Amino acid sequence: MQVAEIFYSLQGEGKLSGVPCAFLRLAGCNLRCGYCDSPYARRAEDGRAMTVEQLLEKLLAYPTKYVVITGGEPLLADELDELCAQLRSAGRHLTLETAATVDHVVAVDLASISPKLSNSRPTDRSGVEEHESRRLNIPVIRAYVDQASRDGTGCQLKFVLEKPADIEQVEDLLDQLDRKCPPGDVLLMPQALNRRQLARRSAWLAELCKEHGYRFSSRLQILLYGNEPGR
Ligand code: SF4
């Protein structure tokens, strides 16, 4: 598997925010989000090749029950199923962070799905069309929501909002999922790459959460570390 980084930190986003976790960031992504906070993980060829055995040895050595596989887009990785199965049979609670754009459903403890809104478009012109055609794959998102409800595992839909009007796209997407995702599993998170943006956008986003009954998610990694890689 192509690995961008492995590190131990606090989960910064979502339902497990604040929990010490072992992170595996896989390299390789099929999107080109303009606000990407881990551009160094976009190309698989920039990653370091590691076997499932090597990854297990590293990840199981951290003093936590919680493991997070993130990216890049982890669903593109060969051997993902094998790694997930082995981590879970070793007693780890496994979170998978994905945009769910690839037809691949893997069993995990918390499916952390981040459907990309139109505000994710690339900042330069190249790749815009490809990004737009790939950024939403409703059947895959639905498959993860259904899997969680069937298996009694966790699921969260984490939306990145840049402006209040972005809520319309969130509502539209939840309609496309037939409102199968409970409001408590819908998280709104401010688009932010630094503390200033985070503070500014959190203010109106908190009010939107109150209005719509969705959960607010901050970005603890920005507050604590200023979005440095590996933390
Ligand atoms: S899906 Fe994630 S890693 Fe890929 S470009 Fe978008 S923000 Fe970056």
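These numbers were taken from a predicted model, which means no experiment stands behind them. Scope of the values below: all heavy atoms of this structure, side chains included, with no hydrogens, waters or symmetry mates. Remember, it's 1-based here, ligands and their atoms both numbered in the order they're listed.
- Just one residue in the list I138, L177, I141, V170 forms a side-chain contact (heavy atoms from CB on, under 4.5 Å) with P115, and that residue is I141.
- Ring pair F23/F7 is parallel by interplanar angle, where below 30° counts as parallel and above 60° as perpendicular.
- Under the 4.0 Å criterion applied to side-chain N and carboxylate O atoms, R32 and E132 are not assigned as salt-bridge partners.
- The hydrophobic side chain of Y40 is isolated, with no ILVMFWY side chain under 4.5 Å apart from it.
- Around the CD atom of E168, the shell of radius 6.0 Å holds no more than 12 heavy atoms that belong to other residues, nucleotides or ligands.
- Ligand 1 has at least one atom lying under 4.0 Å from a heavy atom of G72.
- Between the side chains of E97 and Q11, at least one donor N or O lies within less than 3.5 Å of an accepting N or O.
- Around atom 6 (Fe) of ligand 1, the protein atoms of type N, O or S found under 2.8 Å away are C33 SG, listed by chain and number.
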